[in-house]
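In what follows, a structure is listed as structure tokens, so that the remarks can point back to it.
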Amino acid sequence: MKRLDALLFGPEAPRRLAIVHAGLVAALCVRVVAGPYREIAATTPDGLFRPPWFLAFLDSMPPVGVVMAAQVVAVVATVAWFARRCPRAAFVTLWCCYLFVAAIRDARGKILHNDVLALLVTIPFLAAPIADLADRRPSTRTGWPLRAGCSIIALAYFFAGYHKVVRSGLEWITSDNVRHAIAWGPKPAVGRWEGLADLVTAHWLPGRIMAAGTIAFELGFLAFAFVPRLRPVLAAVATTLHIATTLLFGLDYAMWIVVLWLFALPWERYAFVDRFVRSPNARVGDGTVGFRADHVGALEE
Amino acid sequence: MTDRLPSDATLAAAVDAPLAPSTRTFVRTLLVVIIVFGVAGFEAWPLTSFRLFSTSRGTVRTSYEAVTVDAAGRETPFEQSTLAFGYRLAEWPMSEIAGASEARQRALCEAIAVGARDAGREVVEVRVEKVRERLVRRGNDWEIVRAEPELVVGCPADERGGVGV
């Protein structure tokens with residue numbers, strides 16, 4: 001239990017938290033603005049509306065104007081966060097907008113996982129301190145949001161593998177399961193790379209190798225929480241799997257990939273990030289990046 | 001790219017300020033909830049059990065499809081994948097239509113009729129069918145062989161042009 005505690009609440013550089021936080025804010029904003037939520041709200045008839053539990057009070061899709069308002073609010077919240085104007089409230093607002101539009105996408109009867117990982121890993125950030133980009137001293141105060149996020153990612157992939165084993169057993173690997181899934185193709189039909197599908201389904205062997213590899217990889221993904229050095233490797237393999245899934249089934253795992261890389265890399269070591277993310281202590285005009293030791297604690301209050 | 005790395009001494013001098021107990025409780029609770037949902041297979045989106053591609057796929061599948069019927073009795077597949085975003089996942093609500101209330105069945109039929117009419121089709125009846133398909137390997141190709149669809153719910157047009165049950 002103590003080891004688990006040390007894992008979850010160990011120190012991380014505030015600089016890393018600042019970078020990951022900024023990346024999440026940018027990714028959420030782009031997702032909220034660029035997703036097809038207005039079209040979904042405008043074209044989903046009442047008879048096909050199946051809202052998630054927290055929108056169950058609605059009988060139909062909210063008006064397009066409401067969706068557009070959520071998108072505008074998300075942009076304003078993003079600008080506020082980067083300008084350090086009530087950043088915590090700004091992040092909560094942005095997250096609520098993201099939850100709302102993602103729920104609209106989900107409210108069509110099928111459980112969609114496109115945005116689930118990003119929504120869950122950002123929950124700790126709702127209460128996270130606003131960290132200083134210039135501060136490289138690892139601190140327990142800035143470690144827990146990152147470590148909780150890594151644990152959530154690890155659990156998500158682990159449970160994906162766990163349920164394959166629980167629901168289908170070894171048959172998931174030893175049958176032509178993957179070969180069949182690819183041969184059936186996406187439903188509803190969407191564009192995919194038929195050449196790759198033909199290649200994978202031509203013989204029984206590629207499908208079984210993919211199946212065995214996928215389950216082993218997903219069950220072993222708990223290492224993402226425990227072994228920081230393995231994170232980039234795991235993220236690279238997962239990205240390959242997601243891209244293959246997109247090419248073969250037309251499924252959108254973009255947010256999974258973004259989240260993976262934000263949490264996988266030791267961003268605090270990369271100087272180039274300074275060009276994109278400004279320190280809250282930087283003094284305008286003198287080109288310097290300031291530092292204040294009590295910054296993190298002060299903002300946590 | 002990796003200049004200004006923190007030194008080992010810096011890393012060792014990590015600031016070990018104590019965390020508020022509420023922070024620890026918050027993180028632990030969140031992780032426990034995610035684990036409970038994962039192990040038990042609960043679904044309360046966005047909390048999910050992450051059952052991604054978990055069911056082994058064989059050579060037979062059952063799915064639900066809708067067809068619309070025009071005044072001449074011609075059947076046209078609903079083909080929701082060619083319609084607007086709001087219709088693309090219509091198969092999932094269709095799959096629960098057999099056990100649904102009459103009102104819910106009527107609402108679903110009306111939704112399908114509206115989508116088909118928006119696509120320029122004449123609709124006097126909506127039928128939701130259960131379709132059994134078989135995947136067959138012929139030479140280098142895969143072929144999907146369909147059995148005769150089984151009618152689950154038929155919604156004829158009422159006198160106002162809407163579809164009912």
Side-chain angles (χ1 to χ4, degrees), chain A residues 8-9 11 13 36 39-40 42-48 50 52-53 99 102 106 108-111 113 115-116 119-120 123-124 127 136-141 144 148 151-152 155-156 159-160 162-164 167-168 171-172 175 177 180-181 183-184 187-190 201-202 269-272 297, chain B residues 1-6 10-11 13-19 23-24 26-28 30-31 34-35 38 41 43-59 61 63 80-81 84-93 96 107-112 114-115 135 140 142 144:
Chain A
L8 277 177
F9 303 107
E39 191 189 343
I40 289 171
T43 60
T44 303
D46 297 354
L48 296 178
R50 301 287 185 274
W53 60 275
L99 177 70
D106 182 74
R108 291 173 294 159
K110 186 187 182 195
I111 296 167
H113 291 89
D115 296 296
V116 160
L119 280 166
L120 294 181
I123 289 176
R136 294 160 186 272
R137 296 180 313 160
S139 164
T140 50
R141 289 183 173 235
W144 65 269
S151 302
I152 292 168
L155 287 169
F159 281 122
Y162 167 85
H163 282 291
K164 289 178 177 76
R167 295 185 88 189
S168 303
E171 189 193 325
W172 207 89
S175 70
N177 159 51
H180 290 149
W184 280 114
K187 193 167 188 179
V190 291
T201 60
R269 298 182 186 180
Y270 305 145
F272 75 90
Chain B
M1 193 161 93
T2 57
D3 63 336
R4 293 205 285 168
L5 277 173
T10 308
L11 288 169
V15 182
D16 284 327
L19 272 180
T23 301
R24 292 176 185 268
F26 170 57
V27 172
R28 286 181 188 135
L30 176 62
L31 293 178
I34 289 172
I35 290 169
E43 299 290 346
W45 193 96
L47 286 164
T48 105
S49 58
F50 295 98
R51 282 182 289 194
L52 301 165
F53 294 94
S54 62
T55 306
S56 182
R57 302 292 299 273
T59 54
R61 78 174 172 191
S63 57
Q80 62 265 26
S81 58
F85 267 111
Y87 294 94
R88 302 251 171 104
L89 302 180
E91 187 190 339
W92 277 265
E96 60 193 37
L108 180 65
C109 286
E110 279 174 6
I112 292 166
V114 168
L135 190 64
N140 289 328
W142 293 96
I144 295 174

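Keep in mind the model is a prediction, meaning the values are calculated, not measured. Protein chains get the first letters and strands the later ones, always in sequence-line order, with residue 1 at the start of each.
Under a 3.5 Å cut-off, the side chain of A:Arg108 and the backbone N or O of B:Phe85 do form a donor-acceptor pair. Using a distance-only test at 3.5 Å, with no hydrogens or angles considered, a donor-acceptor pair links the side chain of A:His163 to the main chain of B:Gly38.
A:Leu155 is not listed as a side-chain neighbour of B:Phe50, based on a closest heavy-atom distance of 4.5 Å or more. The shortest side-chain heavy-atom distance between A:Trp184 and B:Ile144 falls under the 4.5 Å cut-off. Looking at heavy atoms from C-beta onward, B:Leu30 lies in side-chain contact with A:Ile152 at the 4.5 angstrom threshold. Side-chain contact check for A:Pro45 versus B:Tyr87: some heavy-atom pair is nearer than 4.5 Å.
Looking at B:Trp142 and A:Thr201, their side chains do bring a donor and an acceptor atom within 3.5 Å of each other.
The line from CD of B:Glu110 to CG of A:Leu48 is 11.5 Å long, rounded to the nearest 0.5 Å. The OG1 atom of B:Thr55 lies 9.0 Å from the CG atom of A:Asn177; values are rounded to the nearest 0.5 Å. Atom CG of A:Asp106 is separated from atom CG of B:Leu89 by 9.0 Å, given to the nearest 0.5 angstrom.
Across A:Ala189, A:Pro36, A:Ser168, the residue that shares the most heavy-atom pairs under 4.5 angstrom with chain B is A:Ser168. The candidate with the highest count of non-hydrogen atom pairs below 4.5 Å against chain A, out of B:Arg88, B:Arg28, B:Glu43, is B:Arg28. Here B:Ser49 is the residue among B:Ser49, B:Ser63, B:Gly115, B:Gly41 with the most heavy-atom pairs under 4.5 Å with chain A. Most heavy-atom pairs under 4.5 Å with chain A, from the set B:Thr59, B:Ile112, B:Asn140: that is B:Thr59.
Proximity to chain A (any heavy atom under 4.5 Å) is restricted, for B:Phe26, to the side chain, taken from C-beta onward. The parts of B:Ile35 that come within reach of chain A are both its backbone and its side chain, each placing non-hydrogen atoms under 4.5 angstrom from that chain.
Shown here are the side-chain hydrogen bond (donor to acceptor under 3.5 Å, both in side chains) partners of A:Thr43, two or more places apart in sequence or in another chain: there are none.
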